[in-house]
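Every chain is numbered from 1 and lettered A, B, ... according to where its sequence line falls, protein lines coming before strand lines.
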Number of protein chains: 2
Amino acid sequence: MPTHYQGDPQIASALDVWVKLTRAVDSIASRLSARGTTGSLTITQFGVLEVLYHLGPMPQCELAGKLLKSSGNITLVVDNLEKRGLVRRVADEHDRRISRVELTPAGLALIEEIFPKHAQAVAEEFSVLTPQEQHQLGDLLRKLGKRGG
Amino acid sequence: MPTHYQGDPQIASALDVWVKLTRAVDSIASRLSARGTTGSLTITQFGVLEVLYHLGPMPQCELAGKLLKSSGNITLVVDNLEKRGLVRRVADEHDRRISRVELTPAGLALIEEIFPKHAQAVAEEFSVLTPQEQHQLGDLLRKLGKRGG
DNA sequence: TCTAAATTATTCAACATCAAACGATTGGAA
DNA sequence: TTCCAATCGTTTGATGTTGAATAATTTAGA
């Protein structure tokens, strides 16, 4: 989408790259989703299972931090995963404010089945870039992301 | 977030870059949002006004295409903008299926006020990259995005 | 100890988002 | 001309998302 911005070339360049950045992510995400590699899960549900799979059980607030979502959002997503029997809330013994979330056997079986397929699909999407280009991209993104946010 | 993936280094690298990519976008978007440069508008509402501002009145289906959203979504967002008097639906004379969306004077005034601030904020976010690095990033993203999606 | 501040999870209202189904309309083919 | 397929916008149901308010609990400080 051309932004047609007529001012400062620095601003025009930044707007252009920002649009490219958001559209690239949208584009890749939609192609990944179309492949159905997340099974019957939504993106966020997949994210929750994946984090629990790789990092183990954790409190909801920590889950919110990892996934960059609000606590209210995590409450709902965990609710929906719990209804489907994929995760379980376990009360913390030492701090009764905390409810720890963990995978059920069904949740573990599901993420073990679909994660490799998802990883493979991501690899195929990024195969248009050489290893060096991927490293370069990672460096540029690190500079952009590291700003306190 | 480390993905801790133990397999093919090609897959590990792709997952790593994919995580960096989504997190960079999340991070920048949340900082832009925190600056309040979109005024009292949501991201999508801002997007609609911005497209109408730069490209002129257009049917909802075209708006959906530009913003990569579903038609049902656009219906709702335009509804909300219309309630606030920022846009207007105008029936197409030649094709009664189409309702063209255009800025009202209030909508024009608003986007004319906030867009430059938003553009400035985006420029500041991307000022951590040199012009050459921005160009490099644009090239890499173009390769990633161009895949039919 | 007692109290104030911080943390955790939940709830709610408002908006976003999609997929699917639907009705109205258009355009082309038989 | 008549009918069928495609297009456009809306609606619905399910889920996501935030920010703010709230309740329960813990922690730290006076």
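Side-chain polar atoms of B:Arg89 and B:Gln60 form a donor-acceptor pair below 3.5 angstrom.
Between A:Glu82 atom CD and C:dA9 atom C1' there is a gap of 13 Å when expressed in whole angstrom units. As a whole-Å value, the separation of B:Arg96 CZ from C:dG27 C1' is 15 Å. The CD-C1' distance, from B:Glu62 to D:dG9, rounds to 15 Å in whole Å. When rounded to the nearest whole Å, the span between CD of A:Gln45 and P of C:dT17 equals 18 Å. Straight-line distance from the CG atom of B:Leu63 to the P atom of D:dT10: 12 Å, rounded to whole Å. Rounded to a whole Å, the CG atom of B:Leu41 is 10 Å from the P atom of C:dA16. Here the P atom of nucleotide D:dG16 and the CD1 atom of A:Ile74 are 10 Å apart, to the nearest Å. Put simply, NZ on B:Lys83 is 13 Å from C1' on C:dA16, counting in whole angstrom units.
Residue B:Asp95 is in sugar-phosphate contact alone, with no base atom involved, counting any heavy-atom pair closer than 4.0 Å across all strands shown. Using a 4.0 Å heavy-atom cutoff across all strands shown, B:Leu76 reaches at least one base atom of the nucleic acid. Residue B:Thr42 is in sugar-phosphate contact alone, with no base atom involved, counting any heavy-atom pair closer than 4.0 Å across all strands shown. Nucleic acid contact class of B:Ser99 (heavy atoms, under 4.0 Å, all strands): sugar-phosphate only. The residue A:Arg89 sits close only to the backbone: its heavy atoms come under 4.0 Å of sugar-phosphate atoms, none of a base. Using a 4.0 Å heavy-atom criterion, one finds that B:Ile98 contacts the sugar-phosphate atoms exclusively.
Ion pairing of A:Lys20 with A:Asp16 is present here, as a side-chain N (NZ or NE/NH1/NH2) and a carboxylate O approach within less than 4.0 Å. At a threshold of 4.0 Å, the pair A:Asp139-A:Arg142 counts as salt-bridged, since one of the basic side-chain nitrogens sits closer than that to a carboxylate oxygen.
Toward the 5' end of DNA chain D, the nearer of the two residues B:Arg100 and A:Asn73, judged by each one's closest nucleotide, is B:Arg100. Of the two residues near DNA chain D, A:Arg97 and B:Gln60, the one whose nearest nucleotide lies more 5' is B:Gln60. Two residues, A:Ser71 and B:Ser71, neighbour DNA chain C, and the one matched to the more 5' nucleotide by heavy-atom proximity is A:Ser71.
Using cut-offs of 30° and 60° for the angle between ring planes, the A:Phe46 and A:Phe115 rings count as parallel.
If you check C:dT17, C:dA9, D:dC8 against the side chain of B:Thr44, the one that comes closest is C:dT17. For B:Pro59, whose side chain is taken as the heavy atoms from C-beta onward, the closest listed nucleotide among C:dT10, D:dG9, C:dT17 is D:dG9.
Between the side chain of B:Arg31 and the main chain of A:Gly145, a donor-acceptor pair closer than 3.5 Å is present.
The side chain of B:Asn80 places an N or O atom within less than 4.0 Å of a non-bridging phosphate oxygen (OP1 or OP2) of C:dA16.
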